[in-house]
Amino acid sequence: MAELSFEPVRVEREVETISRPSLSYWQDAWLRLKANRRALISLYIVIALLLFTVFGPFVWTVDPAAQDLDQISAPPGADRTATVVDDYVPWRGVTVELPAGGSPPAAELLAPGAVSVQGPAETRAVRLAWDPVNGAAAYRVYRNILDPEPDGALGLPIADVLDPAQVSFEDRLDLKPLTYFYSVVAMDALGNESSAYRTAQVDVTRVITAAEAVAKGLAEGGDALQPGDTLKLAAHPLGTDYLGRDLLARLMYGARVSLFIGIVAPFAFVILGIVYGSAAGFVGGRFDQLLMRFADFVVALPFLLFMILLRILFGVGAGESGIYPMMVAMVLLSWPGAARLVRGQILQIREEGYIGASRLLGAKTNYLVLRHMIPNTMGVILVTLTFAVPSAIFTEAFLSFIGMGVAPPTPSWGSMCNEGLKTMLTTPHELIAPAAFISITVLAFNLLGDGLRDALDARMRSAE
């Protein structure tokens, strides 16, 4: 019988394999965070705010307390041109000769025949003169930035000229390069105003002397400047406040206060909450219940009342900054939220199989908490921290806004909003700038916290 020889049949098949690179928990979370465009943009905004806070004052070296009296409440992009003029020369005014015994009282006082500007109208002085009114015992001068016609709103009374022979007035009260409407009203001997008035429209020009330009560093030498030359005053990209202080510089230094409180205080009370919640969750039983009831008691404490008591305890008086009482109040009253979240995570993790295996192998309590439990709650901790930062920033802004936080002249975003509210109708940029920074910061941290919550969720990783 012939031997049969069998040769193995080799079939080459292409087996399609699906492979995925091995990624750690944090690498996978970073990839998912980068896929979230809103969270990534928020992260860049937070980094930009930190750079603005830390390195901004080294780039923009303007003193936040320095006052530019030539540009008070100047909005962004305002005209900074100033004309060089000679030194100020006092003005003696215009007087007229009255009839002997004075003018007889008139049945009805009329308006001056005309109101004219004597010389150039400048930011250092506007000189007015008018025709005398028969029977007038005095004159009253009004100033307005709006045309008093047709409703007769004359504006601010800036002077009473009590000498009827004096038919002029020199205005030097906080003049700006604007268009003003000056109205002159005659008065009788009893101080009653006439219903008739005469108005002059005056366009005021910003001026500066050669000596002032040299003193402010706008020119190297006063000899090279001639009357009629034009200069550019100091630049203020975001404008100035009601005292002429640079808003950009104040926002930078204010960010140091606001972000310091907004980051340090949450970091402190989150750490306190981690320790407290970890101890309560790991031990459990009556000890856990006792700790949680105390946390409920802390939650019930009124924050504003506690803030007032701490200000008294720290000896902070009216008009003084209460930064440290504010931070202490936040730390002492804000940790229960973080403690509850960490406690819930610890209660869940301690029942896992690897915790029981570690105990069987002789792992000590400190090792279990520090090596297994707290690292596995880092996702919750980071999300809690990112959500706590905007809350702390808003709390600081609110307390500074009502006068219980940072007090002037120390800048903070909240105190700047409080100052800008007073001039909101006339110069809204003083309120808009700090309010915009508060809004952007709070929104960025909230969106970043939302993105971190999704990126650090282990269930989303397993689903992929």
Side-chain angles (χ1 to χ4, degrees), residues 56-94 115-130 141 143-145 155-156 158-159 168-182 200-253 409 411 423 426-427 429-430 433:
F58 296 100
V59 178
W60 187 253
T61 57
V62 176
D63 185 1
Q67 299 181 12
D68 189 350
L69 300 181
D70 294 323
Q71 301 184 79
I72 294 177
S73 296
D79 182 24
R80 299 185 291 112
T81 304
T83 304
V84 179
V85 294
D86 293 326
D87 294 336
Y88 173 79
V89 178
W91 187 49
R92 302 182 63 178
V94 178
V115 178
S116 59
V117 180
Q118 304 295 306
E122 306 168 346
T123 50
R124 61 181 178 179
V126 173
R127 295 167 176 174
L128 303 172
W130 54 87
V141 183
R143 190 179 78 183
N144 200 346
I145 60 174
L156 176 70
I158 58 175
S168 62
F169 170 70
E170 183 180 22
D171 181 19
R172 303 187 65 185
L173 177 63
D174 190 24
L175 291 167
K176 299 179 182 179
L178 300 172
T179 298
Y180 293 98
F181 294 88
Y182 288 92
Q201 179 177 337
V202 180
D203 296 324
V204 177
T205 304
R206 180 188 284 117
V207 296
I208 189 172
T209 64
E212 291 174 343
V214 173
K216 295 179 179 180
L218 302 177
E220 295 182 357
D223 297 337
L225 297 176
Q226 299 297 327
D229 294 344
T230 57
L231 294 174
K232 289 289 186 180
L233 300 181
H236 302 285
L238 295 183
T240 59
D241 64 0
Y242 68 103
L243 293 177
R245 297 173 297 188
D246 185 78
L247 278 181
L248 179 58
R250 290 183 63 79
L251 284 171
M252 290 178 178
Y253 282 88
T423 57
T426 55
T427 54
H429 70 280
E430 299 180 33

Could you tell me the separation between the [atom1] atom of [X] and the [atom2] atom of [Y], rounded to the nearest 0.5 Å?
X	Y	atom1	atom2	answer
Thr179	Asn144	OG1	CG	12.0 Å
Glu212	Leu231	CD	CG	11.0 Å
Leu248	Trp60	CG	CH2	6.0 Å

Side-chain donor-acceptor contacts of residues 234-241 below 3.5 Å, not counting sequence neighbours, with atom names and distances?
| unit_1 | atom_1 | unit_2 | atom_2 | d |
| --- | --- | --- | --- | --- |
| His236 | ND1 | Asp246 | OD1 | 2.6 |
| His236 | NE2 | Asp68 | OD2 | 3.1 |
| Thr240 | OG1 | Gln71 | O | 2.5 |
| Thr240 | OG1 | Ser73 | N | 3.2 |
| Thr240 | OG1 | Ala74 | N | 2.9 |
| Asp241 | OD1 | Leu243 | N | 3.1 |
| Asp241 | OD1 | Gly244 | N | 3.1 |
| Asp241 | OD1 | Arg245 | N | 2.7 |
| Asp241 | OD2 | Arg245 | NE | 2.8 |
| Asp241 | OD2 | Arg245 | NH2 | 3.0 |

Within-4.5 Å side-chain heavy-atom neighbours: [X] and [Y]:
X	Y	result
Tyr180	Val204	yes
Ile208	Leu218	yes
Leu175	Arg143	yes
Met252	Pro64	no
Thr123	Pro177	yes
Val202	Asp171	no
Tyr182	Val117	no
Trp130	Val141	yes

Can you name the nearest heavy-atom pair linking [X] to [Y], along with the distance?
X	Y	result
Ala129	Val94	CB-CG2, 4.2 Å
Ala125	Arg172	CB-CG, 4.0 Å
Ala82	Leu233	CB-CD2, 4.0 Å
Asp70	Arg206	O-NE, 3.5 Å
Leu128	Trp91	O-CH2, 3.6 Å

[X]: partners by side-chain hydrogen bond (donor to acceptor under 3.5 Å, both in side chains), with sequence neighbours left out:
X	result
Ser168	Gln166
Ser116	Gln118
Asp174	none

(message) List the residues meeting salt bridge (Lys or Arg N to Asp or Glu O under 4.0 Å) with Lys176, not counting sequence neighbours, and say none if there are none.
(response) none
(request) Step through the shown structure and confirm whether more than 12 heavy atoms of other residues, nucleotides or ligands are within 6.0 Å of CG on Leu173. (result) yes
(message) Suppose the criterion is salt bridge (Lys or Arg N to Asp or Glu O under 4.0 Å): which pairs have a residue in residues 117-130, not counting sequence neighbours?
(response) Glu122-Arg124, Arg127-Glu170
State which residues pass side-chain contact (heavy atoms from CB on, under 4.5 Å) with [X]; sequence neighbours excluded, sorted by chain then number.
X	value
Thr230	Thr81, Thr83
Asp87	Thr209
Asp63	Ala65, Ala66

